[in-house]
Amino acid sequence: MAHAVSIIQSTQLDGINPSLRDPVEYRKSGLSLNHIIGCPLDCSYCVRHLFGNFDQRRPQALMTDEEAFRRLVTHQFFQPHITPIQLFNRATDPMLPEVKPHTHNILRLLDAQELTNHVLVITRWKVSKEDCDQFNALKHIKLSILVTYSGIEDTKIEPIKSSIAEKSLKTLYANAERYKVVLYWRPIIPGINDTDVHIEKARALSAHAHATVFSGLFYRNEIAAFYRENGIAEPYVNTARRKLLPLDAEQRLLSTFNQYGSQPPIFRKTSCGVAYAHHLADYNGHYGITELCDTCPPLQVARCKSACKRPDRSHVEQLCTQLGATNSPEMTARAIVVRGLDEQRRYYIQHTLGFQVHDADKPHHYGRHGRAEAARSTIDVDQQY
Ligand code: SF4
């Protein structure tokens, strides 16, 4: 295809963070493809701060779609029909006018291979009826469009109006035939967008989605520095490597949703919302982390329960040894606990077995499921279910 964004010249690559140069990365939610980088939307909490490219506002491609696709499906950990995939979730928005031809092209390339993997597209930008038609034309992939909506009105924190996401959500839901729509309600920031009015607005919007997922703010040192430099009030006294959401805010929003017998339901975990929307069991094995499941409808709990089998010990040993584990893995009802495997190897096992895999050196604690309590100064920060 003709490229809607220009390809970065090899001579320009030196100025780009090395971790952005590799377009395929294994993250908790699956293999993430990011061969286009650059975004003009300027959300203050953007992960681009972490890669030092927040100032790169014009999307540019690292390579052609065909080359990026080849790298994705030949990645050492890609498994056809199993590995979840995310498009452009690190350094741009997949529905920006110049990016979306590439988004549709990659989706078509995946679908043409008759792959049935989950594919997640996360956007806060404009989605048209024509985009929906293109999504509906895909026959094989399990496509989910997650619409990021915050309800934040302070343009220093979020210059983009939430009304754009609202409109996209409604368009997507009204036209959904072969894909699912998730209201991705985030980031929820205490004192900014967690009032009863904000919560009620999100609850009303959830009627235009197959599922809702909520989460707090990803508040890292680089983002805190940006807040200070730009005179934005810091919402937390501490930074953390996982998302922050105070317990009382979580309880208030869940009680509002429960009060209306929330239908469709609300989830803490992205994969839970996506799996529910497709009438499938969670692919990240969260069922073992029982405290996550209290918002989930009984039918979905039963689905996950029957799919969540404790893996065969010898198979787990074999996989862990092959991948370079330095201990004999421990197996609990919640997770496989192993030492010496980096995140991508742990996620590879997690998606292969549909069972959580944790690092023995970073113990997980009951109830710490992406809701670090901000007032605490020593947050155990490396835990992401
Ligand atoms: S039962 Fe638990 S693991 Fe399964 S989708 Fe619901 S919340 Fe997620």
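Note that the structure is a prediction, hence the values are computed from the model and not measured. Just follow the structure's listing: the first ligand is 1, and inside any ligand the first atom is 1.
The side chain of Cys304, and not its backbone, has at least one atom closer than 4.0 Å to an atom of ligand 1 (non-hydrogen atoms only; side chain from C-beta on). Residue-level proximity to ligand 1 for Thr295 is absent, since no heavy atom of it falls below 4.0 angstrom.
Each of His278, His81, His140 was compared with His118 under the ring-ring contact (aromatic ring centres under 6.0 Å, His included) criterion, and only His278 meets it. Exactly one of Asp359, Asp361, Thr326 qualifies for a side-chain hydrogen bond (donor to acceptor under 3.5 Å, both in side chains) with Arg339. That residue is Asp361.
Scanning all heavy atoms of the two residues, the minimum distance from Ile37 to Leu62 falls at CD1-CD2, 4.2 Å.
The shell of residues lying under 4.0 angstrom from ligand 1, judged by heavy atoms, excludes Lys269. Residue contact check for ligand 1: Tyr287 places a non-hydrogen atom closer than 4.0 Å to it.
Not one N, O or S atom of Cys296 sits under 2.8 Å from atom 4 (Fe) of ligand 1. Taking 2.8 Å as the threshold, His286 does not count as a candidate ligand of atom 8 (Fe) of ligand 1, since none of its N, O or S atoms lies below it.
Close contacts between ligand 1 and Leu292 involve ligand atoms 7 (S) [criterion: under 4.0 Å to a heavy atom]. Listed by atom number, the atoms of ligand 1 under 4.0 Å from Val301 heavy atoms are 1 (S). Residue-ligand proximity, Gln300 to ligand 1, at heavy-atom distances under 4.0 Å covers atoms 5 (S), 6 (Fe).
Asp131 and Ser128 share a donor-acceptor pair across their side chains, judged by distance under 3.5 Å alone. A donor-acceptor contact closer than 3.5 angstrom is absent between the side chains of Tyr283 and Gln350.
Nearest protein heavy-atom neighbour of atom 8 (Fe) of ligand 1: Cys272 SG, 2.3 Å. Protein heavy atom in closest approach to atom 2 (Fe) of ligand 1: Cys293 SG, 2.3 Å.
Between Tyr179 and Phe135, the angle of the ring planes goes over 60°, which puts this pair in the perpendicular group of the 30/60° scheme. By the 30° and 60° cut-offs, the orientation of the rings of Tyr236 relative to Tyr219 is tilted.
No more than 12 heavy atoms of other residues, nucleotides or ligands lie within 6.0 Å of NZ in Lys139, so this atom counts as exposed by the packing criterion.
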